[in-house]
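Inspection log for the structure reproduced underneath, given as structure tokens.
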Amino acid sequence: MAVDDVRSGFRRSWSDLASVGRNTAGGYDRFAWTRTDHDLREWFAGEASDLGLDLTTDRVGNQWAWWGDPYAAGAAPAVVTGSHLDSVPSGGAFDGPLGVVSSLLAVRSLRASGHRPDRPMAVVNFVDEEGARFGVACAGSRILTGALSPERALALTDADGTTMADALAAAGRDPLALGSDPDLVGRIGAFVELHVEQGRALDDVHANVGVGSHIWPHGRWRIDVPGEANHAGTTALDDRRDAMLGFAAAVIAARRAAQSRGCVATVGKVRATPNGVNAIPSEVTGWLDARGESEAAVHQVVADVTEVMADFEATVQEESWTPTTAFDDALVRRLASRLGGIPVLGTGAGHDAGILAGAGVRAAMLFVRNPTGISHSPEEFAEEADCLAGVDALTRVLADLTGATP
């Protein structure tokens, strides 16, 4: 494909997705197994059909657009690319969709050039990567690889009390079909995920594309603080058992622990009961996200918070944990070499590529420059020229991994 064709294809896809799930603040609310998610899945299916790819859906609901049959007799291990289309609450346009759009464009470019892969290829749209609805990040890839059991996944609830089982049923899927697929995972010979950078490392070195080397250890913990409901106007301060005070202590403890341990920690989601302006909370639940270069340091942050919470009879329960994830060294070096020695960098953000790597799949990532470093926000941004450079890089990588150069 000519550069102008790639550019027009990128603009068309970006325009197709621009209004899907957009809220009045300009961000995106694209949550798993909702009507918006359905519309995004339909868009992906339409793109796969337009490219002449064979669309399949695994037991989790992840969508796979295949060029070649991975189950054919004698088929070599497949090369897979892709990302996700869901978002955090009021998220940005690029986190996830850039990787899916770029992957589809890369395949389109390869087909237009007459490329004939020597092994099956696929573009995958992983479901529920952000975990915004049910609280567990990368749920689609975790369930697929067996890192998250279907029993636990189906019991997860959203803010309205809807279980994942109920959400799947409402979306027309059989909850009992949910489960891992080791055969499918075993057929992936290499996975390359393109993603907007969630930081400014590439901009600092004036590079538009980089290769990911590893993902920091990270996890999510649920903090439940008990209290006693009572009247806000008639209950003396000394007589109160205010769950919000314990929760506030958790937030402060997380910040102090992160600073002292060289990590980052965030409490960005909270639920109060009964959630009334004039009612003392009987219970407050919050979610702690902690990350760092060292696994031991991250666990120490959580231990520090747990110690403080003991004074409030609160519980701290792990909901997800991903250790340090190193991408395949040989694949990382191959990508960097193929792309002319571009920067190699680690990241503090979790990705489906990390879950696959943890399951033994040869995986690596490409990052596209984010000039502001802002992500998980409506202000997330990448220049079109950098996005197109990412498509070009991914196209060359996929050509290299499947036996020819376009």
Side-chain angles (χ1 to χ4, degrees), residues 1-2 5-6 8-10 12-13 16-17 40-85 96-127 140-141 144 181 183-195 328 331 334-335 338-339 352-353 356 361-366 387-388 390-406:
M1 278 175 75
D5 292 332
V6 175
S8 63
F10 180 84
R12 177 188 61 79
S13 294
D16 288 346
L17 295 172
L40 293 166
R41 293 169 66 83
E42 286 293 294
W43 174 83
F44 183 85
E47 292 295 302
S49 176
D50 186 59
L51 278 169
L53 304 178
D54 297 320
L55 184 69
T56 63
T57 304
D58 61 30
R59 296 179 62 192
V60 187
N62 304 309
Q63 295 175 292
W64 303 76
W66 287 100
W67 182 2
D69 183 1
Y71 297 98
V79 171
V80 180
T81 185
S83 193
H84 63 96
L85 293 173
L98 180 61
V100 175
V101 167
S102 298
S103 298
L104 291 167
L105 282 172
V107 170
R108 188 178 295 277
S109 293
L110 290 173
R111 290 176 80 90
S113 73
H115 179 72
R116 294 293 180 265
D118 63 3
R119 63 196 60 232
M121 294 178 62
V123 177
V124 61
N125 169 33
F126 281 112
V127 68
S141 54
L144 176 69
D181 192 336
D183 184 34
L184 174 57
V185 174
R187 292 178 185 272
I188 304 173
F191 177 68
V192 180
E193 180 176 5
L194 181 144
H195 204 280
D328 185 82
L331 184 58
R334 182 170 180 173
L335 266 58
R338 179 71 180 88
L339 298 174
D352 291 309
L356 293 183
V361 175
R362 295 177 62 234
M365 295 190 70
L366 294 176
C387 295
L388 297 180
V391 174
D392 178 67
L394 182 61
T395 303
R396 287 189 283 155
V397 163
L398 295 177
D400 179 52
L401 293 174
T402 55
T405 302

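The residues of the chain are indexed from 1 along the displayed sequence.
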Problem - Pairwise distance CD(Glu193) to OG(Ser102) - rounded to 0.5 angstrom - result: 11.0 Å
Practice task
Search all heavy atoms of Asp118 against all heavy atoms of Gly403 and return the closest pair with its distance.
Solution key: OD2-CA, 3.6 Å
Problem - Nearest-0.5 Å distance, OG of residue Ser103 to CG of residue Leu366 - result: 9.5 Å
Problem - Main-chain N/O of Val391 paired to Thr395 side chain as donor or acceptor, under 3.5 Å - result: yes
Exercise for the section: Heavy atoms only: give me the nearest Gly390-Leu194 pair and the separation to one decimal. Expected result: O-CD1, 3.4 Å
Exercise for the section: Test side chain to side chain contact (heavy atoms under 4.5 Å, CB included) on Leu356 and Asp352 and set out the steps. Expected result: CA-CA 6 Å; Leu356 293 183; Asp352 291 309; 5.5 Å; no
Problem - Pair Phe191-Val185, side chain to side chain contact (heavy atoms under 4.5 Å, CB included): steps then yes or no - result: CA-CA 10 Å; Phe191 177 68; Val185 174; over 6 Å; no
Exercise for the section: Using a 4.5 Å cut-off on heavy atoms from C-beta on, say whether the side chain of Thr56 contacts that of Tyr71. Expected result: no
Exercise for the section: Go through Arg108 and Asp50 one step at a time and tell me if the side chain to side chain contact (heavy atoms under 4.5 Å, CB included) criterion holds. Expected result: CA-CA 10 Å; Arg108 188 178 295 277; Asp50 186 59; 2.9 Å; yes
Completion exercise
Closest heavy-atom pair, Ala364 versus Leu335, reported as atoms and distance to 0.1 Å, is CB-CD2, 4.0 Å
Handout entry: Between CG on residue Asp392 and SG on residue Cys387, distance to nearest 0.5 Å
Key = 13.0 Å
Handout entry: Interatomic spacing from CH2 in Trp64 to CD1 in Ile188 - rounded to 0.5 Å
Key = 4.0 Å
Problem - Arg396/Asp400 salt bridge by N-O under 4.0 Å criterion - result: no
Exercise for the section: Kindly indicate whether the side chain of Arg41, heavy atoms from C-beta on, has any atom under 4.5 Å from the side chain of Thr57. Expected result: yes
Practice task
May I have the step-by-step check of side chain to side chain contact (heavy atoms under 4.5 Å, CB included) for Leu394 and Leu105, ending in yes or no?
Solution key: CA-CA 9 Å; Leu394 182 61; Leu105 282 172; over 6 Å; no
Exercise for the section: Any chance you could measure Asp16, atom CG, to Phe44, atom CZ, to the nearest 0.5 Å? Expected result: 14.0 Å
Handout entry: Asp328 with Arg334: basic N within carboxylate O range, under 4.0 Å
Key = no
Handout entry: Donor-acceptor pair, side chain of Asn125 and main chain of Gln63, under 3.5 angstrom
Key = no
Practice task
Decide yes or no for Leu98 and Phe10: does some side-chain heavy atom of the first lie under 4.5 Å from some side-chain heavy atom of the second?
Solution key: yes
Exercise for the section: Please report the closest heavy-atom contact between Met121 and Thr402, naming both atoms and the distance. Expected result: CG-CG2, 3.5 Å
Problem - Flag side-chain contact, heavy atom, 4.5 Å: Val127 against Val60 - result: yes
Problem - Heavy-atom closest pair, residues Pro120 and Ala75 - result: CG-CB, 4.1 Å
Exercise for the section: Answer whether the closest heavy-atom distance between the side chains of His115 and Leu398 falls below 4.5 Å. Expected result: no
Problem - Rounded distance [0.5 Å steps], CZ in Arg111 versus CZ in Arg116 - result: 7.5 Å
Handout entry: Over all atoms of both residues, closest heavy-atom pair of Ala363 and Ala353
Key = CB-O, 3.7 Å
